[in-house]
Structure formats: C-alpha cells, structure tokens
S.K.: 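Have a look at this one before I ask anything.
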Amino acid sequence: MTTWVLLLRAVNVGSRNKLPMAELRTLLTDLGHGDVRTLLNSGNAVFTSRRKAPGPLAAEIEKGLRDRLGLSVRATLRTVPQLQAALDGLPKDIADTSYVLLAFLFDKPTAAARKDVESWDVSPERLALGDGVVYIGYGGPMHASKLQNAAVEKKLGVASTGRTPATVRKLLA
C-alpha cells in the first residue's frame, strides 16, 4: 500500500469549483482507496491505495471529479516521502520571508523553462526551484505582489497548486 497526498488545484476559491470535503472523501473511497482523510477546505486529501503510478491515479481522480461532481480541476499526487522532501528542501532564505508558498507542479518543466525561471529577477520576492516544486518567498502580503501563481505557471509552462509550509506539515502529520 502507498500513502498518497492529493492536492487539487483551485477548489473552493470564491464561488468557483465548490467541493465539499465529504464528497471528496466519498469519491476517493468509492474509487477503492482507504484511510481517506481531508484537510482544510481546499482540496487536500491523504489516502492509501494499492495504486503505484501517480499519473494514472491523478487522471482517475480528475475523471471522477468531472463525471460525478461536474468539476474540471487538476489533481497532483505526492507520496509522503516526496512531500517531506519538498518541505525539507525549502531554502532558508525563502523560509525567512514573511509569507512562503510551495507551488507543487503538475508536470515537469522543460530544461529551458527551468533555466529561464532560475535567472528570473523577481525582487523583492524570492524564488527557487526544487524537484516538482517551486519555493516562493514574499516580503509582504502575497496578494500585493506581482509574483502570482499565474506568472510562475506561464514562465514554467506547467500548472501548479500552492500550499503553505504549515499546510504541508499538517498533511504529513
């Protein structure tokens, strides 16, 4: 059995993509997964599964959300060790900023896109690439920054979903 951490993109944001966590738990259970628990109201779930490949499993969850609940949202999965590695990889200079976001990538960016992002001046914000994650440190309120998730996605050419270190720690607990 593998313990998976599910991160959904853009659910329960304003009036878009409403997804009660009870319905997400039911969907995951109906798809044959066990020990399902959700965290917060933003599309986070932890569950066990016999399934070993994250890509087909994410596609199955996306299809279930679309077919059963009418939601067209992206899903990405990490194992517990992968999620812990992402948290452990948080650079100190970013961890020391006033607001930190880990943007988990849905796909692998090209080498050229990675190089472009690595040389990108996002001052006064800070940005670093990890394995399947982008670390973003904000000097002030995130909503006041020009460095938003959409800009990072555009630069990398892949979708992502952001979580704070506190949320990642709760998912690991």
Side-chain angles (χ1 to χ4, degrees), residues 2-17 19 21 24 35-48 54-55 57-58 61-62 73-173:
T2 301
T3 300
W4 290 104
V5 179
L6 171 68
L7 306 171
L8 297 178
R9 183 173 191 271
V11 298
N12 298 330
V13 178
S15 61
R16 295 179 346 132
N17 297 325
L19 175 60
M21 293 300 97
L24 178 58
D35 304 316
V36 179
R37 68 177 175 91
T38 56
L39 176 71
L40 304 173
N41 199 33
S42 58
N44 303 303
V46 179
F47 61 92
T48 58
L57 181 52
I61 293 167
E62 289 173 359
V73 297
R74 295 285 314 267
T76 188
L77 293 153
R78 300 292 190 276
T79 63
V80 169
Q82 289 170 329
L83 197 65
Q84 184 66 58
L87 186 61
D88 292 345
L90 177 62
K92 182 164 178 28
D93 68 319
I94 291 176
D96 290 342
T97 59
S98 66
Y99 187 84
V100 176
L101 191 69
L102 281 71
F104 292 92
L105 304 178
F106 286 84
D107 300 296
K108 188 174 181 175
T110 65
R114 285 185 65 90
K115 185 177 179 182
D116 191 29
V117 166
E118 288 168 348
S119 65
W120 190 20
D121 181 6
V122 295
S123 298
E125 278 40 275
R126 296 182 182 147
L127 183 138
L129 291 173
D131 185 16
V133 65
V134 178
Y135 303 101
I136 306 170
Y138 295 91
M142 182 179 87
H143 69 273
S145 173
K146 292 181 182 176
L147 183 61
Q148 297 296 314
N149 197 46
V152 174
E153 289 178 331
K154 183 176 181 182
K155 197 85 160 162
L156 280 174
V158 299
S160 67
T161 187
R163 300 296 186 275
T164 65
T167 298
V168 173
R169 283 191 283 281
K170 288 176 185 175
L171 286 164
L172 290 167

S.K.: Looking at OG1 of Thr3 and CZ of Phe47, how far apart are the two atoms once the value is rounded to the nearest 0.5 Å?
M.R.: 9.5 Å
S.K.: Are the side chains of Leu24 and Met21 in contact, using a 4.5 Å heavy-atom criterion?
M.R.: yes
S.K.: Side chain to side chain contact (heavy atoms under 4.5 Å, CB included), that's the test. Do Asp116 and Arg114 meet it? Break it down for me.
M.R.: CA-CA 5 Å; Asp116 191 29; Arg114 285 185 65 90; over 6 Å; no
S.K.: Let me check something: any side-chain donor-acceptor pairs from residues 85-96 under 3.5 Å, sequence neighbours excluded? List them with distances.
M.R.:
residue: Asp88; atom: OD1; partner: Gln84; partner atom: NE2; Å: 2.8
residue: Lys92; atom: NZ; partner: Asp96; partner atom: OD2; Å: 3.1

S.K.: Please report the interatomic distance OG1(Thr76) to CH2(Trp4), rounded to the nearest 0.5 Å.
M.R.: 9.5 Å
S.K.: Nearest 0.5 Å, please: how far is CD in Gln82 from CZ in Phe104?
M.R.: 10.0 Å
S.K.: Quick check: closest heavy atoms across Gly140 and Ser98, and the distance to 0.1 Å?
M.R.: N-OG, 3.4 Å
S.K.: Side-chain contact, heavy-atom cut-off 4.5 Å: Leu127 with Val117?
M.R.: yes
S.K.: Test: side-chain hydrogen bond (donor to acceptor under 3.5 Å, both in side chains). Region: residues 161-173. Which pairs qualify, not counting sequence neighbours?
M.R.: Asn44-Arg163, Thr161-Arg163, Thr164-Thr167
S.K.: Sequence neighbours excluded, which residues qualify as salt bridge (Lys or Arg N to Asp or Glu O under 4.0 Å) partners of Asp35?
M.R.: none
S.K.: Applying salt bridge (Lys or Arg N to Asp or Glu O under 4.0 Å), which residue pairs with at least one partner in residues 119-137 are found, sequence neighbours left out?
M.R.: none
S.K.: Leu7 versus Leu171: any side-chain heavy-atom pair under 4.5 Å?
M.R.: yes
S.K.: State, yes or no, whether a side-chain contact exists between Val122 and Ile136 at a heavy-atom distance under 4.5 Å.
M.R.: no
S.K.: Do you know the tightest heavy-atom contact between Ala75 and Ile61?
M.R.: CB-CG2, 4.4 Å
S.K.: Hey, does Tyr135 have a side-chain heavy atom less than 4.5 Å from the side chain of Leu102?
M.R.: yes
S.K.: side-chain hydrogen bond (donor to acceptor under 3.5 Å, both in side chains) with Thr110: which residues, sequence neighbours excluded?
M.R.: none
S.K.: So how far is it from Trp120 CH2 to Leu156 CG, rounded to the nearest 0.5 Å?
M.R.: 8.0 Å
S.K.: Is the backbone of Leu147 close enough, under 3.5 Å, to the side chain of Ser145 for a donor and an acceptor to pair up by distance?
M.R.: yes
S.K.: Measuring from Met142:CE to Asn149:CG, what's the distance to the nearest 0.5 Å?
M.R.: 8.0 Å
S.K.: Residues two or more places apart in sequence or in another chain: which of them pass side-chain hydrogen bond (donor to acceptor under 3.5 Å, both in side chains) with Thr97?
M.R.: none
S.K.: Any side-chain to backbone donor/acceptor pair from Thr38 onto Ala45? Under 3.5 Å, distance only.
M.R.: no
